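Being a predicted model, the structure only gives us computed values, none of them experimental. FYI, the numbering just counts along the sequence from 1.
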Amino acid sequence: MTKTSLSFLSILLIFLFFSCRTNRIAQTAPVYITNTKKYYLLPAQKIKIKKETLQLVSITYDKNKFTFQSYTSADKSAIIMDLMNEMGTSIGEISYVNGKAVCTSSFFPQHLKPEYILADFQFCYYDEKTLEKSLKEQNLDFSAVYNTEGTVQTRKILDGKNCIEQITITKNSVHLTNFLRGYEYILEDMK
């Protein structure tokens with residue numbers, strides 16, 4: 001091998017090394033659960049409740065209500081939400097693949113980060129112990145309790161004694177209320 005080839009190979013290896021290192025850095029922005037406490041999205045592999053379903057999504061925020069459909073596909077490799085209006089026409093997509101959160105939609109305001117929607121999704125469908133550990137790193141408490149029949153789970157994210165978010169999960173629906181930010185979601189599986 002010539003001296004020029006070795007130099008080129010060395011430069012190429014250095015470039016690849018730093019490119020790979022850069023890709024390992026968190027690709028998503030933090031989600032502020034409170035005004036000072038951050039949450040970083042967990043890997044897709046930490047999902048507990050896999051989803052492959054059409055959902056009716058109702059969002060209430062500041063006395064405004066929005067309803068649309070989402071074909072949600074979530075497993076240990078990715079979260080993909082294909083968003084549709086009442087007529088079934090695509091209005092965008094929110095995805096979380098290989099640690100990267102993306103929103104391609106004109107439905108949501110441009111300043112809305114997909115990480116916030118994905119964080120709420122994770123709070124609903126991810127493993128309780130994993131969420132508890134991740135939130136504990138920010139001095140937030142997480143609890144998950146089932147009713148006596150074992151059919152309804154209530155999850156809470158607490159900052160001290162203040163309940164930031166409460167999530168009620170049944171077999172075919174999720175009701176999430178964020179008390180701090182003043183919004184709620186209702187996700188209903190459609191059959």
4.5 Å side-chain heavy-atom contact, [X] and [Y]:
{"X": "Tyr32", "Y": "Arg181", "value": "yes"}
{"X": "Ser58", "Y": "Lys65", "value": "yes"}
{"X": "Leu131", "Y": "Leu42", "value": "yes"}
{"X": "Lys37", "Y": "Ile164", "value": "no"}

Subject >> Val145 and Lys156: CA distance, side-chain angles, deciding distance, side chain to side chain contact (heavy atoms under 4.5 Å, CB included) verdict >> reply: CA-CA 9 Å; Val145 185; Lys156 291 183 181 180; over 6 Å; no

Please check if [X] and [Y] belong to a single hydrophobic cluster, counting links between Ile, Leu, Val, Met, Phe, Trp and Tyr side chain heavy atoms closer than 4.5 Å.
{"X": "Phe123", "Y": "Tyr61", "value": "yes"}
{"X": "Met84", "Y": "Phe68", "value": "no"}
{"X": "Phe66", "Y": "Tyr185", "value": "yes"}
{"X": "Tyr126", "Y": "Ile49", "value": "yes"}
{"X": "Val31", "Y": "Val102", "value": "no"}

Indicate yes or no for a side-chain donor-acceptor contact from [X] to the backbone of [Y] under 3.5 Å, with no hydrogens or angles considered.
{"X": "Thr177", "Y": "Phe179", "value": "no"}
{"X": "Lys76", "Y": "Gln45", "value": "yes"}
{"X": "Ser105", "Y": "Ile91", "value": "yes"}
{"X": "Asn147", "Y": "Val152", "value": "yes"}

**OP:** Starting from the C-alpha separation in whole Å, work towards a yes-or-no answer on side chain to side chain contact (heavy atoms under 4.5 Å, CB included) for Glu52 and Tyr71.
**Re:** CA-CA 7 Å; Glu52 185 79 31; Tyr71 186 81; 2.7 Å; yes

**OP:** Take Val174 and Gln55 through the test side chain to side chain contact (heavy atoms under 4.5 Å, CB included) and record every step on the way to the result.
**Re:** CA-CA 10 Å; Val174 171; Gln55 293 181 307; 5.9 Å; no

**OP:** Decide whether Tyr39 and Gln122 meet the rule of one side-chain donor and one side-chain acceptor closer than 3.5 Å.
**Re:** yes

Original post:
For residues Asp120 and Tyr183, is any side-chain donor paired with an opposing acceptor at under 3.5 Å?
Top reply: yes

Original post:
When you look at Leu187 and Leu176, which way does the side chain to side chain contact (heavy atoms under 4.5 Å, CB included) test go after all the steps?
Top reply: CA-CA 8 Å; Leu187 309 172; Leu176 178 148; over 6 Å; no

Original post:
Near Lys48 NZ, under 6.0 Å, is it more than 12 heavy atoms from other residues, nucleotides or ligands?
Top reply: yes

So which atom in [X] and which in [Y] form the shortest heavy-atom distance, rounded to 0.1 Å?
{"X": "Phe142", "Y": "Glu132", "answer": "CB-CA, 3.9 Å"}
{"X": "Ile33", "Y": "Leu180", "answer": "O-CD2, 3.3 Å"}
{"X": "Val57", "Y": "Ile59", "answer": "CG1-CG1, 3.9 Å"}
{"X": "Asp82", "Y": "Glu93", "answer": "OD1-OE1, 2.8 Å"}
{"X": "Leu118", "Y": "Ala101", "answer": "CD1-CB, 3.5 Å"}
{"X": "Ser70", "Y": "Thr72", "answer": "OG-OG1, 3.0 Å"}

**OP:** State the CD1-SG distance between Ile169 and Cys124, to the nearest 0.5 angstrom.
**Re:** 5.5 Å

